[in-house]
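Below is one structure, written out as structure tokens; comments come after it.
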Amino acid sequence: MGKTVSVAAINNGTVIDHIPSGQALKIIHLLHLSEQRFKVTLGLHLSSSSMGRKDILKIEDRFLTDKEAQDIAVFAPNATINIIKNYKVSSKIPAQLPEMVKKILICPNLRCITKQENIDTLFTVEEWKQKIHLRCYFCEKIFERDEMKESI
Ligand SMILES: [Zn+2]
């Protein structure tokens, strides 16, 4: 009891913890980790005292930018992003929702101009009732994040 399964510690890199269960794969796509050569350890559906189930991502020798941390917050608003140096947490980047997200999500509105023309999607981000909502800059419709697909 009380023992949580953990993935191996890393020497240098980034650990993203407290990702909602199942969202880590989206973050892998978001950060283009499958096309890059960094070593990635993925923990899916691990036990968490605060969340029930959670995902963890450990990326060796890769340090996230503030912009990447903000994009991650769209999928994991309560994530803890730790920068690791010499096996120690050297800094924490708060997962803060960005005001806008560009490109990473598709507008579900079939009549939206972003469906007809090859332009990047753009949404303003709002959080209410613990859910993330995105308002399309082009068609002005509002969607819950969970009903949207990623374009990545
Ligand atoms: Zn739209």
Side-chain angles (χ1 to χ4, degrees), residues 1-109 114 120-137 141-152:
M1 273 297 289
K3 254 203 159 183
T4 42
V5 183
S6 65
V7 275
I10 57 171
N11 185 354
N12 291 294
T14 304
V15 175
I16 310 168
D17 197 357
H18 302 109
I19 302 168
S21 201
Q23 299 288 330
L25 293 171
K26 292 181 183 174
I27 295 172
I28 286 180
H29 290 299
L30 184 73
L31 298 174
H32 304 288
L33 294 174
S34 56
E35 298 119 68
Q36 297 168 357
R37 294 282 169 189
F38 301 101
K39 287 188 200 162
V40 176
T41 312
L42 166 64
L44 283 179
H45 316 306
L46 305 182
S47 301
S48 158
S49 50
S50 59
M51 303 173 71
R53 297 275 163 182
K54 66 172 182 181
D55 293 350
I56 290 184
L57 260 183
K58 301 191 177 195
I59 313 157
E60 285 183 51
D61 301 318
R62 171 95 148 70
F63 303 97
L64 299 191
T65 64
D66 288 348
K67 161 83 169 61
E68 287 173 325
Q70 289 191 339
D71 286 346
I72 285 170
V74 175
F75 301 100
N78 301 310
T80 351
I81 303 170
N82 292 316
I83 304 298
I84 309 293
K85 288 183 178 154
N86 292 320
Y87 295 102
K88 291 204 177 98
V89 176
S90 83
S91 61
K92 287 176 186 281
I93 308 177
Q96 261 186 345
L97 279 178
E99 284 175 26
M100 313 276 276
V101 285
K102 205 177 178 183
K103 282 206 273 200
I104 62 173
L105 292 164
I106 295 170
C107 182
N109 175 12
T114 58
D120 291 340
T121 60
L122 186 65
F123 298 90
T124 52
V125 182
E126 297 163 30
E127 189 178 17
W128 72 84
K129 290 183 186 161
Q130 310 270 47
K131 285 190 188 263
I132 294 168
H133 296 79
L134 298 111
R135 182 197 297 267
C136 178
Y137 175 81
K141 291 201 184 309
I142 299 172
F143 306 94
E144 264 187 43
R145 190 215 54 212
D146 292 345
E147 60 183 334
M148 301 178 77
K149 289 210 165 70
E150 302 82 57
S151 60
I152 35 171

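Counting from 1, the numbers follow the sequence of the chain as shown.
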Minimal heavy-atom distance between L64 and I83, with the atoms involved, is N-CD1, 4.2 Å
Value for CD1 (I16) from CG (D55), rounded to nearest 0.5 Å, stands at 11.0 Å
What one should report as the nearest heavy-atom pair of I142 and W128 is CG2-CH2, 4.0 Å
Take E150 and L30, measure what side-chain contact (heavy atoms from CB on, under 4.5 Å) needs, and give me the verdict at the end.
CA-CA 9 Å; E150 302 82 57; L30 184 73; over 6 Å; no
Q: Would you tell me whether K85 and N12 have side-chain atoms, one donor and one acceptor, within less than 3.5 Å of each other?
A: no
Rounded to the nearest 0.5 angstrom, the CZ-CG distance for R145 and L97 is 9.5 Å
*asked:* Just checking Y137: does its OH atom have more than 12 heavy atoms from other residues, nucleotides or ligands closer to it than 6.0 angstrom?
replied: no
Here the pair of heavy atoms bringing S47 nearest to R53 is OG-NH1, 4.0 Å
One should read off an interatomic distance between L42 CG and I59 CD1, to the nearest 0.5 angstrom, of 10.0 Å
With a 3.5 Å distance limit and no angle check, can you tell me whether D120 reaches the backbone of K103 through a side-chain donor-acceptor pair? no
When every non-hydrogen atom of L105 is compared with those of S151, the smallest separation belongs to N-OG, 3.7 Å
Interatomic distance, CD@E147 vs NE2@H133, rounded to 0.5 Å, equals 8.0 Å
Of all heavy-atom pairs linking I27 and F75, the shortest is CG1-CB, 4.5 Å
E99 atom CD: more than 12 heavy-atom contacts under 6.0 Å
no
Output for pair (I81 CD1, H18 NE2), nearest 0.5 Å, gives 12.5 Å
Rounded to the nearest 0.5 angstrom, the OG1-CD1 distance for T80 and I93 is 11.5 Å
Would you mind reporting whether I19 and I56 have side-chain heavy atoms less than 4.5 Å apart?
no
Are the side chain of T14 and the backbone N or O of R62 linked by a donor-acceptor pair below 3.5 Å?
-> yes
- Task: Kindly indicate whether the side chain of C136, heavy atoms from C-beta on, has any atom under 4.5 Å from the side chain of T121.
- Result: no
Do T41 and L57 pass the side-chain contact (heavy atoms from CB on, under 4.5 Å) test, and can you show the C-alpha distance, the side-chain angles, and the key distance before you say yes or no? CA-CA 6 Å; T41 312; L57 260 183; over 6 Å; no
Tightest non-hydrogen contact, residues S21 and H45, listed as OG-ND1, 2.7 Å
